[in-house]
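Inspection log for the structure reproduced underneath, given as structure tokens.
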Amino acid sequence: MQITPEILQKLNQIIGETFVFIDQETRNHYGHDETEDYVFPPNVVVKPANAHEVSEILKLANQYKIPTTPIGARTGLSGGALSIYQGIGLSMERFNKILNIDEQNLQVIVESAVITQVLREAVAEKGLFYPPDPSSQGSCWIGGNVAENAGGARAVKYGVTKDYVLNLEVVLPNGEIIWTGANTLKNSTGYNLTQLMVGSEGTLGVITKIVMKLLPKVNHNVLMLVPFYKANQACEAVSAIFRAGIIPSALEFMERDAIDWTLKFNPNISVEVKPEIQAHLLIEVDGNYPEILMQEAEKIMNVVEKFEIDEILFADTEDQKNALWKMRRSVAEAVKSNSIYKEEDTVVPRYELPKLLSGIKEIGAKHGFKSVCYGHAGDGNLHVNIIKGDMTDDNWETQVPVGIREIFELTVSLKGTLSGEHGIGLVQKNYMDIAFSKTHLELMERIKFVFDPNNILNPGKIFPDEF
Ligand SMILES: Cc1cc2nc3c(=O)[nH]c(=O)nc-3n(C[C@H](O)[C@H](O)[C@H](O)COP(=O)(O)OP(=O)(O)OC[C@H]3O[C@@H](n4cnc5c(N)ncnc54)[C@H](O)[C@@H]3O)c2cc1C
């Protein structure tokens, strides 16, 4: 794709030349996210400031059939923000304002490039709670969360991003600007375009403003780390906790290597782990009444003590809690710093977790790869990191994709699906046939066509190369 001087001049006219970049360094910077080591630089990076400018850019892209990729904070793990056909990289970074925290209605109106944690802290100052908390919350943006329907540790009790999105301002690929719904908690008015946009990975429109619902702030929590001698028993304990009548506010699984590598990555955090321990569950309950929380924590202890566990660690202070959460949230970075890896984001009904874990290990043994699993076990959402270690390049290129296909086939056979929260993007798209029939994929393709007949917006994502 060539960006001609004429197109560049038009982009300069739309947003001003200070916000149009064609130098290699900037293009490379916006050409990668957190997905493996992929780099796909766009030909030009633009940084519009408002929906009108996005609209003019998309009209131009349609006129010249230029692939255009919305770019958030680039923390994505499925390659969604990569400009695989070059063209225009549409960085949303100037959409960085919280426009209104509506304390009367418990809502917030926010632009798409506000950092998730900044939003969570701003509403917390007003006594309000925005629960979705991806482990990347310190760097990812709320627009990227909406585009990926991001989850996080608290999803198990409070739901994922989609559960908080009421209304969206979206620039459609043809440049029209619409609001998708209404700022109401209920809405049965026509097709639900708001939820169609959520999780559409930048392929149907560019999200510029988001209206989200909030909850009242929750004031207390109890956090415990439970070491299991057998990883499969940790997975079995997950559904047992719910069956005992408790809904934890977080229920996270970490395999042994995940903990070891994370502790090595964070030398300031110290947790003693006996050599025989295979996995941990990090369990939190929250609420406003400490006595009730203690009763719930005791119930959880009664459940997990039926399994082979070592001594439970209770986080007594805020510092201890922060250290345990830091440990959990830095697993992905720690694994990345240890070896080349591929991350798959499997999800199954939670009772099937033990079968998923043991199946993954069998598939790894068959194809000669090691995996490190961790994730939001309460949601049945297991991140599978496949480690290159000393595997040959040849086996890495040939055997691993076969193994990944088998992992997804297993996931779907357990009534699960390919991605719980990271999206399909570039790296999972050629596995979509496992989860969906041709009819289903064609329906999705026709929806894409209605929104984007020239296929200019984030082409090459979600849909398999052939189906
Ligand atoms: C260490 C680490 C931990 C993580 N933990 C979690 C986790 O717990 N839960 C979870 O769900 N994810 C997690 N992620 C993945 C990632 O942070 C999320 O997918 C996040 O939602 C991506 O947001 P972003 O702003 O970085 O978007 P990007 O990566 O820049 O983009 C993601 C997709 O959204 C599209 N997009 C971005 N902004 C817009 C917009 N304004 N309009 C339309 N489309 C847009 C892009 O085109 C792309 O397809 C983690 C990532 C890392 C690196």
Side-chain angles (χ1 to χ4, degrees), residues 35-36 77-79 149 151 155-156 160 199 228 230-240 242 251-258 278-279 281 331-332 335 341-389 391 395-438 440-441 462-467:
T35 314
E36 299 172 35
L77 294 169
S78 55
N149 190 17
V156 64
V160 295
F228 285 78
K230 300 210 166 95
N232 252 38
Q233 290 193 3
C235 290
E236 283 168 33
V238 170
S239 66
F242 289 86
L251 179 38
E252 301 282 302
F253 172 85
M254 287 168 282
E255 248 192 306
R256 174 72 200 222
D257 282 337
Q278 284 187 355
L281 288 182
V331 174
V335 172
Y341 77 115
K342 285 184 190 293
E343 172 156 337
E344 310 305 330
D345 173 37
T346 60
V347 60
V348 291
R350 68 170 83 90
Y351 184 71
E352 306 294 358
L353 266 182
K355 281 189 210 148
L356 178 63
L357 184 70
S358 56
I360 289 166
K361 298 299 167 186
E362 279 164 28
I363 292 166
K366 182 166 129 198
H367 294 286
F369 60 75
K370 178 183 163 74
S371 61
V372 179
C373 298
Y374 68 96
H376 313 298
D379 297 322
N381 188 191
L382 201 63
H383 302 322
V384 184
N385 285 355
I386 297 172
I387 308 300
K388 179 155 188 287
M391 236 183 155
N395 280 350
W396 182 248
E397 297 302 332
T398 55
Q399 285 301 300
V400 169
V402 180
I404 293 174
R405 180 158 271 276
E406 289 177 18
I407 290 173
F408 285 136
E409 283 167 352
L410 169 69
T411 310
V412 171
S413 76
L414 294 171
K415 306 279 180 255
T417 194
L418 309 188
S419 173
E421 56 178 22
H422 293 166
I424 296 302
L426 172 66
V427 290
Q428 258 78 257
K429 65 178 183 175
N430 285 324
Y431 302 108
M432 284 284 269
D433 62 298
I434 301 170
F436 295 116
S437 68
K438 199 165 182 305
H440 206 143
L441 287 170
I462 298 183
F463 296 97
D465 291 329
E466 285 170 26
F467 64 93

Which residues pass the salt bridge (Lys or Arg N to Asp or Glu O under 4.0 Å) test with Lys415, not counting sequence neighbours?
none
Roughly how far apart are Asp257 CG and Gln278 CD, rounded to 0.5 Å?
10.5 Å
Please examine the side chains of Phe408 and Val384, heavy atoms only from C-beta on, and report whether any two atoms are closer than 4.5 Å.
no
Please determine whether side chain to side chain contact (heavy atoms under 4.5 Å, CB included) holds for the pair Arg405 and Asp433, giving the CA-CA distance in whole Å, both sets of side-chain angles, and the decisive distance to 0.1 Å.
CA-CA 10 Å; Arg405 180 158 271 276; Asp433 62 298; 2.9 Å; yes
If you look at every heavy atom in Ile360 and Cys373, which pair is closest and at what distance?
CG2-SG, 4.3 Å
Are the side chains of Ile424 and Phe463 in touch, meaning some heavy atoms are under 4.5 Å apart?
no
Could you check Ile407 against Glu344 for side chain to side chain contact (heavy atoms under 4.5 Å, CB included), going step by step and ending with a plain yes or no?
CA-CA 9 Å; Ile407 290 173; Glu344 310 305 330; 5.6 Å; no
Taking atom OG of Ser239 and atom CD of Glu352, what is their separation to the nearest 0.5 Å?
9.0 Å
Roughly how far apart are Thr346 OG1 and Ile404 CD1, rounded to 0.5 Å?
11.5 Å
Atom NZ of Lys361 with >12 non-hydrogen neighbours under 6.0 angstrom:
yes
Which pair of non-hydrogen atoms, one from Leu357 and one from Ala231, has the smallest distance, and what is that distance?
CD2-CB, 3.8 Å
Which heavy atom of Leu418 sits nearest a heavy atom of Tyr431, and at what distance?
CD1-O, 3.4 Å
OG1 of Thr35 to NZ of Lys342, rounded to nearest 0.5 Å, is 11.0 Å
Heavy-atom closest pair (Ala258 atom, Val331 atom, distance to 0.1 Å) is CB-CG1, 3.8 Å
State whether the number of non-hydrogen atoms from other residues, nucleotides or ligands found under 6.0 Å of Phe242 atom CZ is greater than 12.
yes
Shortest non-hydrogen separation from Phe253 to Ala234 and the atoms involved
CE1-CB, 3.8 Å
Is any side-chain heavy atom of Ile434 less than 4.5 Å from a side-chain heavy atom of Thr417?
no
Could you tell me which residues satisfy side chain to side chain donor-acceptor pair (under 3.5 Å) with Glu421, sequence neighbours excluded, listed by chain and number?
His376, His383
